[in-house]
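Letters go in sequence order (proteins before strands), and every chain restarts at 1. Hydrogens, waters and symmetry mates are skipped; everything else that's a heavy atom, side chains included, is used.
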2 protein chains.
Amino acid sequence: MFKTNHYFDGKVTSIAFQTETLPATVGVMAQGDYEFGTSQKEYMTVTSGSLTVKLPGADNWVTFKQGETFTVEANQTFQVKADVESAYLCLYE
Amino acid sequence: MFKTNHYFDGKVTSIAFQTETLPATVGVMAQGDYEFGTSQKEYMTVTSGSLTVKLPGADNWVTFKQGETFTVEANQTFQVKADVESAYLCLYE
């Protein structure tokens with residue numbers, strides 16, 4: 001009933017669901033480096049662990065910890081380092 | 001690489017992972033009523049939506065919203081109503 005998705009040889013795994021307002025996923029990332037592309041605006045909240053992120057057009061890496069959120073516009077790519085095995089909630093606008 | 005689990009005909013779906021300190025799952029629940037049993041002490045945090053919970057031995061139902069956590073000791077059963085499609089993070093001690 002819920003769709004699971006596996007990316008990067010399963011190092012990133014997510015479950016799609018629907019919040020009251022927006023489609024969403026919860027997921028986990030193994031420690032490692034990833035590049036993601038967006039097709040919609042994404043609001044990504046770290047729910048466990050720590051993600052160090054290079055946002056589109058940014059020169060610097062910024063670390064987001066549990067409870068912190070970053071936003072990526074549609075049709076962008078961004079880079080993520082999972083500093084430890086981490087979990088996230090992503091909302092799609 | 002990450003194990004996914006499906007309960008209640010897939011109405012509850014989770015992904016197991018490892019935090020820096022404890023084993024954990026992230027999961028989603030369809031709207032509905034569930035009874036869960038614990039084998040370890042569980043710390044359950046609502047990350048999206050709202051869960052109304054009758055804890056072991058409790059007379060009353062209590063609603064936990066996004067960002068709120070409840071704890072269940074090992075070898076207990078507890079009841080959960082997912083008021084809307086909801087997501088959670090569960091740590092196992």
| Once you round to the nearest 0.5 Å, how far does CD of B:Gln66 lie from OG1 of A:Thr47? | 10.5 Å
| message | What part of B:Glu85 gets within 4.5 angstrom of chain A, counting heavy atoms only: side chain, backbone, both, or neither? | response | both
| request: Working to the nearest 0.5 Å, report the span between CZ of B:Phe2 and NE2 of A:His6. | output: 11.0 Å
| Around B:Glu20, counting heavy atoms of other residues, nucleotides and ligands shown, do more than 12 lie under 6.0 Å from its CD? | no
| How about B:Phe17 and A:Ser86: do any of their side-chain heavy atoms sit closer than 4.5 Å? | no
| query | Same hydrophobic cluster for A:Val46 and A:Leu91, using side-chain heavy-atom links shorter than 4.5 Å among ILVMFWY? | reply | no
| request: With a 4.5 angstrom heavy-atom cut-off, could you sort out which part of B:Ile15 is near chain A: side chain, backbone, both or neither? | output: both
| query | Which bit of A:Ser14 is near chain B, if near means a heavy-atom gap under 4.5 Å: side chain, backbone, both or neither? | reply | backbone
| request: Considering only heavy atoms and a distance below 4.5 Å, find which of B:Val84, B:Thr19, B:Thr45 pairs most often with chain A. | output: B:Val84
| request: Side chain from CB out, backbone as N, CA, C, O: work out which of these in B:Thr4 comes under 4.5 Å of a heavy atom of chain A, or both, or neither. | output: side chain
| Is any side-chain heavy atom of B:Phe8 closer than 4.5 Å to a side-chain heavy atom of A:Met1? | no
| field | Path from B:Phe70 to B:Met29 over hydrophobic side-chain contacts below 4.5 Å | value | yes
| query | Measuring heavy-atom distances to chain B, does A:Ala30 have an atom under 4.5 Å in its side chain, in its backbone, in both, or in neither? | reply | both
| Single-linkage hydrophobic cluster B:Phe64~B:Tyr34, side-chain heavy atoms < 4.5 angstrom | yes
| field | Side-chain touch B:Val26/A:Val28, heavy atoms, less than 4.5 angstrom | value | yes
| said: With clusters defined by side-chain heavy atoms of hydrophobic residues (ILVMFWY) lying less than 4.5 Å apart, directly or transitively, does B:Phe36 cluster with B:Leu55? | reply: yes
| Do B:Val72 and B:Leu89 belong to the same hydrophobic cluster, where Ile, Leu, Val, Met, Phe, Trp and Tyr are linked whenever their side-chain heavy atoms lie under 4.5 Å apart, directly or via other members? | no
